[in-house]
**Q** 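Here it is: the structure, laid out below.
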2 protein chains.
Amino acid sequence: MDNKTAVTLLSSIAQDARFSIFRLLVQAGSSGLAAGNIGEKLSIPNSTLSFHLKELSHAGLITARQESRFVFYFANYEVMNGLLAYLTENCCAGQQACCPDLACSSHV
Amino acid sequence: MDNKTAVTLLSSIAQDARFSIFRLLVQAGSSGLAAGNIGEKLSIPNSTLSFHLKELSHAGLITARQESRFVFYFANYEVMNGLLAYLTENCCAGQQACCPDLACSSHV
DNA sequence: TCTATATTTCCATAAATATAGAAATATTGT
DNA sequence: ACAATATTTCTATATTTATGGAAATATAGA
């Protein structure tokens with residue numbers, strides 16, 4: 001993970017619609033959600049939805065899989081975790097205990 | 001933390017210059033960095049830097065403190081951790097073990 | 001192949017964001 | 001008050017990103 005990748009990933013969820021989409025997919029878990037289903041739940045028009053889904057999948061945060069007539073989308077947990085790890089990794093920068101609670105446990 | 005706040009925070013670091021600035025401040029730790037110092041290290045013109053510093057501090061990710069003739073900036077670890085916690089909090093969505101490694105430890 | 005349904009591309013437009021020079025505004029030491 | 005230094009605002013411009021209707025492209029069942 002480098003800055004460029006991190007910024008791309010962050011940009012992909014730093015937007016209302018896409019943040020909501022990602023959360024929905026996170027909650028849907030391994031069964032995923034069909035594109036139409038997402039658009040319905042969030043009241044997003046087809047073309048707009050498609051645009052955002054492409055942004056997310058292009059960044060690598062979600063994955064698409066054709067299933068029958070539908071295209072199912074899934075949250076990519078590993079990539080998300082990679083991003084979080086990268087962020088938390090530098091959160092203490094040597095000096096301990098700058099992160100009071102939880103987030104920094106990753107690189108203990 | 002709600003979606004709106006999360007998106008604002010994410011937007012504030014989802015940008016090359018600001019991501020670099022934030023990292024620099026994270027590494028600087030409790031001693032912080034003067035604005036001019038940041039601009040020098042990252043080769044960012046005054047006005048551009050000021051714009052980005054305002055974005056970050058407005059979002060709440062960094063804090064400013066006047067010290068002598070300089071304005072020192074500091075990473076706001078707590079806010080950052082709050083964001084990470086919010087992200088990881090929903091990363092498993094009930095079903096366990098969807099987050100193989102580290103990031104999800106926060107809400108165990 | 002025809003039809004119905006699902007999703008994506010095309011397109012034009014709108015809105016938000018980033019950039020940096022120049023001028024204005026602090027702040028402090030003398 | 002003056003001079004020196006630091007930072008911010010103002011301004012215009014450039015660039016990127018978001019939006020959604022309409023048309024095009026899948027996909028699969030009959």
Side-chain angles (χ1 to χ4, degrees), chain A residues 3-25 28 31-76, chain B residues 3-25 28 31-76:
Chain A
N3 277 26
K4 197 163 168 289
T5 309
V7 168
T8 302
L9 287 171
L10 288 167
S11 297
S12 80
I13 41 170
Q15 203 272 357
D16 278 16
R18 292 198 294 269
F19 191 82
S20 300
I21 291 169
F22 185 71
R23 284 203 121 201
L24 221 50
L25 291 178
S31 54
L33 271 179
N37 215 315
I38 298 170
E40 202 175 81
K41 290 197 183 204
L42 300 177
S43 304
I44 301 175
N46 289 346
S47 55
T48 306
L49 178 68
S50 211
F51 168 76
H52 289 307
L53 288 173
K54 198 165 71 176
E55 290 284 309
L56 283 166
S57 53
H58 192 261
L61 261 181
I62 68 174
T63 316
R65 191 190 310 151
Q66 183 94 22
E67 209 144 318
S68 152
R69 215 178 311 181
F70 308 87
V71 176
F72 279 78
Y73 283 91
F74 305 85
N76 197 335
Chain B
N3 276 27
K4 196 163 168 289
T5 310
V7 168
T8 301
L9 288 171
L10 288 167
S11 297
S12 80
I13 40 169
Q15 202 270 357
D16 278 16
R18 292 199 294 270
F19 191 82
S20 299
I21 291 169
F22 185 72
R23 284 204 122 201
L24 221 50
L25 292 178
S31 54
L33 271 179
N37 215 314
I38 299 170
E40 203 176 79
K41 291 197 183 203
L42 300 177
S43 304
I44 301 175
N46 289 346
S47 55
T48 305
L49 177 68
S50 211
F51 168 77
H52 289 306
L53 287 173
K54 198 164 71 174
E55 289 285 309
L56 283 166
S57 53
H58 192 261
L61 261 180
I62 69 175
T63 316
R65 191 189 310 151
Q66 183 94 20
E67 210 144 316
S68 151
R69 213 177 312 181
F70 307 88
V71 177
F72 278 78
Y73 283 91
F74 306 85
N76 198 335

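What you are looking at is a predicted structure, and each value in this text was computed from that prediction instead of being measured. In what follows, chains are A, B, ... by sequence order, proteins preceding strands, each numbered from 1.
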**Q** From CG of B/Asn46 over to P of D/dT5, roughly how many Å is that when rounded to an integer?
**A**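 Going from B/Asn46 (CG) to D/dT5 (P), I get 14 Å.
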**Q** Hey, does the side chain of B/Arg18 reach the backbone of B/Ser12 with a donor-acceptor pair shorter than 3.5 angstrom?
**A**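 Looks like yes, one N/O pair under 3.5 Å.
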**Q** For B/Ala64 and A/Ser11, find the nucleotide of DNA chain D closest to each by heavy atoms; which residue's nucleotide sits nearer the 5' end?
**A**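 Result of the comparison: B/Ala64.
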**Q** Phosphate oxygens OP1/OP2 of D/dT15: is one of them under 4.0 Å from a side-chain N or O of B/Gln15?
**A**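 Checking B/Gln15 against D/dT15: no side-chain N or O falls below 4.0 Å of OP1 or OP2.
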**Q** Between B/Glu55 and B/Ser47, just flag the one whose closest nucleotide in DNA chain C comes earlier from the 5' side.
**A**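 The answer here is B/Glu55.
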**Q** For A/Ile62, which of A/Ile13, A/Leu56, A/Leu33 qualifies under side-chain contact (heavy atoms from CB on, under 4.5 Å)?
**A**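 Single side-chain contact (heavy atoms from CB on, under 4.5 Å) partner of A/Ile62 among A/Ile13, A/Leu56, A/Leu33: A/Leu56.
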**Q** Which part of the nucleic acid, if any, lies within contact of B/Ala34, taking any heavy atom under 4.0 Å across all strands shown: a base, the sugar-phosphate backbone alone, or nothing?
**A**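 B/Ala34: backbone/sugar contact only, no base atoms under 4.0 Å.
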**Q** Do A/Ile44 and A/Ile38 make a side-chain contact, defined as non-hydrogen atoms from C-beta onward lying under 4.5 Å apart?
**A**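 The answer is no, as the side chains (C-beta and beyond) never meet within the 4.5 Å cut-off.
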**Q** Starting at CD1 of A/Ile13 and ending at P of D/dT17, how long is that distance when rounded to a whole Å?
**A**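 The answer, rounded to whole Å, is 16 Å.
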**Q** Quick check against the 3.5 Å criterion: does B/Ser50 have a side-chain atom that pairs as donor or acceptor with the backbone of B/Asn46?
**A**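 No.
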**Q** Tell me: CZ of B/Phe51 to P of D/dT11, nearest whole Å?
**A**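 Taking atom P of D/dT11 as the reference, CZ of B/Phe51 is at 16 Å.
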**Q** What is the distance from CG of A/Asp16 to C1' of D/dT17, rounded to the nearest Å?
**A**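 One finds 13 Å between C1' of D/dT17 and CG of A/Asp16, rounded.
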**Q** Can you tell me the pairing partner of C/dA18 across any strand shown, Watson-Crick or G-U wobble, with both distances under 3.5 angstrom?
**A**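 Matched C/dA18 with D/dT13 under the 3.5 Å cut-off.
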**Q** Applying the side-chain contact (heavy atoms from CB on, under 4.5 Å) criterion to B/Thr5, which one of B/Leu9, B/Thr8, B/Asn3 satisfies it?
**A**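 Output: one option passes, namely B/Leu9.
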**Q** Can you tell me the Watson-Crick or wobble partner of D/dG21, both distances under 3.5 angstrom?
**A**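 Paired with C/dC10.
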**Q** It should be established whether A/His52 places a side-chain nitrogen or oxygen under 4.0 Å from OP1 or OP2 of nucleotide D/dT17.
**A**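 So the side chain of A/His52 is outside the cut-off, no N or O lying under 4.0 Å from OP1 or OP2 of D/dT17.
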**Q** Any donor and acceptor pair, going by atom type alone, linking the side chain of A/Arg65 with main-chain N or O of A/Phe72 inside 3.5 Å?
**A**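 No; zero donor-acceptor contacts below 3.5 Å.
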**Q** Between A/Thr48 and D/dG20, does any side-chain N or O lie under 4.0 Å from OP1 or OP2?
**A**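 Yes, such a contact exists.
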**Q** With the side chain of B/Arg69 defined as its heavy atoms from C-beta on, choose the nearest nucleotide among D/dA22, D/dT5, D/dA18.
**A**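 For B/Arg69, the side-chain atoms sit closest to D/dT5.
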**Q** With the side chain counted from C-beta on, respond yes when B/Asn37 and B/Leu24 share a heavy-atom pair under 4.5 Å apart, and no when they do not.
**A**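 SC-SC contact between B/Asn37 and B/Leu24 ruled out.
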**Q** Which two nucleotides bound the region of DNA chain C that has atoms under 4.0 Å from heavy atoms of chain A, read 5' to 3'?
**A**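 Range of nucleotides touched by chain A: C/dA4 to C/dT9.
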**Q** To the nearest Å, give me how far apart CG (A/Leu49) and P (D/dG21) are.
**A**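 My rounded result for the distance is 13 Å.
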**Q** Indicate whether OP1 or OP2 belonging to D/dA6 is found under 4.0 Å from a side-chain N or O atom of B/Tyr73.
**A**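 Checking B/Tyr73 against D/dA6: no side-chain N or O falls below 4.0 Å of OP1 or OP2.
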